[in-house]
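Just so we're on the same page: letters track the sequence lines, and every chain starts at 1.
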Amino acid sequence: MWRSACLALGLLVVMMPRSEALTVGDKAVDFSSPELGTDTPITLTDFRGQVVYLDFWASWCGPCRVSLPAMDVMYRELKDQGFTVLAVNLDADVADAQKFLLSRPVSYPLIYDAEQSLPKLYAVKGMPTAYILDRTGVVRDVHEGFRLGDESRIKHIIEALLAEEES
Amino acid sequence: MKLLLIVTALALLSACAVEPLQAWERGHLARPEMAWEPDSLRASQRDHVYFSKEASSGGASVGGGGCGCN
């Protein structure tokens, strides 16, 4: 009885759909997606050697109204030290994103993922989710959600990563 | 036989036709017209009238201990 129950449970575990979320220590999955508003492809590997804040956002996501302007301030401050923000927009309609950006313009690169394939690739659990990658492209922190004040924690991590030497 | 029964029961339990909505697919749900109460101010005012008349503070997910002071 126990054996069959264990076997059945084992089967269930195998059958269960699994999405492996990217966690700290994993190598970031490479991608190439068009820039928002243009067709110019943006490739993640082009940013190797920089500390990357890979952010998944949408115009309808409440906390993104706080995170985008906050990250723009950080980007302007730290970009000369080798820091960049890559913000992947996941709106179904690109016009919604463009309308959002009219009132909250940002200066960092924006990606539009029309097929919404990148969040599947990264197994994003909530909106917004950001992956902080070090200079070698390894995920060093995952930041889910965003509240006013979170930027100080993020800045602390980014500054520590910027201080690391590329190996 | 028992194993077959268990496997069938578990397989049936996991046979859900509706895929859960992913975090990035909630754009339509986030629209203001999709809210349960589109006008939160009016809803809270209506709630206040309701629980005052019914003496049922808390019945409509409103906090308070029924002291009539909220």
Dump the intermediate steps for side-chain contact (heavy atoms from CB on, under 4.5 Å) on A:Trp60 and B:His28, then the final yes or no.
CA-CA 9 Å; A:Trp60 46 263; B:His28 293 301; over 6 Å; no

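A:Val94 and A:Tyr108 fall within a single hydrophobic cluster, where Ile, Leu, Val, Met, Phe, Trp and Tyr are joined by side-chain heavy atoms under 4.5 Å apart, directly or via other members. With hydrophobic clusters built from ILVMFWY side chains whose heavy atoms lie under 4.5 angstrom apart, A:Phe100 shares a cluster with A:Val106. Residues A:Val29 and A:Phe56 fall within the same hydrophobic cluster, defined by Ile, Leu, Val, Met, Phe, Trp and Tyr side chains chained together at heavy-atom separations under 4.5 Å.
Counting non-hydrogen atoms of other residues, nucleotides and ligands closer than 6.0 Å to CG of A:Leu102 gives a total above 12. Surrounding NZ of A:Lys27 are more than 12 heavy atoms belonging to other residues, nucleotides or ligands, all under 6.0 Å away.
Taking CZ from B:Arg31 and CG from A:Asp96, the interatomic distance works out to 7.0 Å, rounded to the nearest 0.5 Å. Separating the CZ atom in B:Arg26 from the CE atom in A:Met127 is a distance of 10.0 Å, to the nearest 0.5 Å. The distance from the CD atom of B:Gln22 to the NZ atom of A:Lys125 is 11.0 Å, given to the nearest 0.5 Å. Within the model, atoms OG1 of A:Thr129 and CH2 of B:Trp24 stand 9.5 Å from one another, a figure rounded to the nearest 0.5 Å.
Residues B:Ala23 and A:Gly126 approach most closely at CB-CA, 3.7 Å, considering heavy atoms.
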